[in-house]
Amino acid sequence: MNYIIGAFKPPCDIFVTFADERTRKQVQIKKDNGKTVMVPAFQTLETIAGEVSIAPVPGKRLEHTGVKIELLGQIELYFDRGNFYDFTSIVRELDVPGEIYERKTYPFEFSTVEMPYESYNGTNVRLRYILKVTIGRNYVGSIVESRDFCVRNYSLVPTINNSIKMEVGIEDCLHIEFEYSKSKYHLKDVIIGKIYFLLVRIKIKNMELEIRRRESTGSGPNTYVETETLAKFELMDGAPVRGIAHMPPPLLVFLKTCIGFKQTCCHLILVKW
């Protein structure tokens, strides 16, 4: 029985390590099996370097037609799982055809890699970056091992950040005006604003504010849209009282306390009544 099990085991172990893995910031990502792991985080135009170690099974030799490592940026739609669109692909050849008898280590380096998109793991789509090591072999399948890493890009604070004013309501029944102090926020920012009730002729039970993440994939008739509520706040219980109706309920939302913002690029703010 052990011989049968051993026949399906790979003839070697492959280890991929980053040069500054111990000191680099680590972030959490979810794997295909649902488990979460910690991976190093990089920014665009950074240099990604490290080592690949190949350890054959003791007492065995590994014949190969070459060893290479690829840096890949991939987009995968979950309804088309297994088919990837590679928007970034860089290859480094590590070894020429030959044989490996004992553990062998290869250094690698990808200098100033352009990684324009951030890593994202959504409801219907995933964008990821991996290092993929391939050991080519004759007559049998190649040996492949991959290592995930994360990309987080940062931008400067915008010099122009205008306030937002928006009017909504029901004709001759309800007229509300929203005012936000600015239109662009970072993930540890604070949303400050006011809500004005200009006309109220219907009964209002309460008012809530929701922050939603809207994910859109595909195009045309094949567009899939998923909306997820990240946070919900109650702003008002009951209707505005006559005499103080012109006192707008304040908005003060700390985005840092909202779960789920770490992998969110855009937010839609809604008010329900």
Side-chain angles (χ1 to χ4, degrees), residues 27-28 30 77-79 116-127 152-273:
V27 298
Q28 194 177 71
K30 184 179 290 186
L77 297 173
Y78 288 154
F79 62 80
Y117 310 117
E118 291 192 343
S119 301
Y120 178 74
N121 192 357
T123 306
N124 291 320
V125 65
R126 174 175 64 171
L127 189 151
R152 289 285 181 267
N153 293 326
Y154 302 92
S155 58
L156 298 175
V157 177
T159 56
I160 300 177
N161 198 352
N162 299 323
S163 60
I164 298 178
K165 285 189 177 182
M166 180 174 59
E167 295 183 6
V168 297
I170 306 172
E171 187 176 359
D172 297 330
C173 295
L174 181 67
H175 188 186
I176 301 177
E177 182 177 281
F178 302 95
E179 181 180 339
Y180 303 104
S181 59
K182 52 187 177 181
S183 56
K184 300 174 184 177
Y185 298 87
H186 59 77
L187 298 185
K188 294 184 179 180
D189 215 334
V190 181
I191 298 177
I192 300 175
K194 296 178 181 179
I195 302 175
Y196 297 91
F197 288 85
L198 305 179
L199 176 65
V200 179
R201 291 179 179 172
I202 60 174
K203 185 177 181 180
I204 297 177
K205 294 179 59 178
N206 63 354
M207 181 170 62
E208 294 178 345
L209 179 139
E210 292 184 359
I211 300 180
R212 297 179 178 179
R213 173 168 58 195
R214 186 172 184 267
E215 177 185 290
S216 178
T217 58
S219 60
N222 297 322
T223 300
Y224 296 87
V225 178
E226 291 287 343
T227 302
E228 178 185 0
T229 299
L230 301 179
K232 181 187 293 187
F233 307 91
E234 184 173 347
L235 301 180
M236 187 178 66
D237 185 11
V241 181
R242 182 179 298 275
I244 61 171
H246 295 290
M247 295 291 292
L251 284 177
L252 187 63
V253 180
F254 295 87
L255 296 180
K256 186 178 180 180
T257 64
C258 299
I259 300 175
F261 276 19
K262 291 183 179 179
Q263 294 185 348
T264 303
C265 300
C266 302
H267 309 288
L268 176 64
I269 301 174
L270 302 175
V271 173
K272 300 196 306 182
W273 59 83

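No experiment lies behind these values; they were computed from the predicted model shown. The first residue in the sequence is number 1, and the count goes up from there.
Rounded to the nearest 0.5 Å, atoms NE2 (His175) and CG (Leu198) are 5.0 Å apart. Taken to the nearest 0.5 Å, the CZ atom of Phe233 stands 10.5 Å off from the CD atom of Glu210. Atom CD in Glu228 sits 14.0 Å away from atom CZ in Arg214 (nearest 0.5 Å). Once rounded to the nearest 0.5 Å, the distance linking NZ of Lys232 with CZ of Arg212 reads 8.5 Å. For the atom pair CG of Asn162 and OG of Ser183, the computed distance is 6.0 Å after rounding to the nearest 0.5 Å. Residue Ile176 holds its CD1 atom at 5.5 Å from CD1 of Ile204, rounded to the nearest 0.5 Å.
Taking the charged nitrogens against the carboxylate oxygens, Lys194 and Glu179 have no contact shorter than 4.0 Å, which rules out a salt bridge.
Side-chain atoms of Arg152 come within 3.5 Å of backbone N or O of Ser119 as a donor-acceptor pair.
Ile195 is not listed as a side-chain neighbour of Leu209, based on a closest heavy-atom distance of 4.5 Å or more. Within the 4.5 Å cutoff, side-chain heavy atoms of Asp189 are placed close to those of Lys182. Residues Glu118 and Leu127 are not in side-chain contact: their nearest non-hydrogen atoms beyond the backbone lie 4.5 Å or more apart.
Between Asn161 and Pro158 the shortest heavy-atom distance is ND2-CG, 4.3 Å. Of all heavy-atom pairs spanning Glu215 and Thr123, the tightest one is OE1-N, 3.0 Å. Nearest approach of Arg201 to Asp172, heavy atoms of both residues: CD-O, 3.3 Å. When all heavy atoms are compared, the tightest approach of Asn121 to Tyr78 is OD1-OH, 2.6 Å. Here the closest heavy-atom approach between residue Val168 and residue Phe178 is recorded as CG2-CE1, 3.2 Å. Shown here for Pro116 and Asn153, the closest heavy-atom pair between the two residues is O-ND2, 3.5 Å.
The side-chain contact (heavy atoms from CB on, under 4.5 Å) test with Leu77 singles out one residue from Asn124, Asn222, Thr217, and that residue is Thr217.
Enclosure of atom CD in Glu171 is not indicated, since only 12 or fewer non-hydrogen atoms of other residues, nucleotides or ligands lie within 6.0 angstrom.
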(message) Before you tell me yes or no, could you show the steps for Val200 and Leu174 under side-chain contact (heavy atoms from CB on, under 4.5 Å), namely the whole-Å CA-CA distance, both residues' side-chain angles and the distance that decides it to 0.1 Å?
(response) CA-CA 5 Å; Val200 179; Leu174 181 67; 4.0 Å; yes

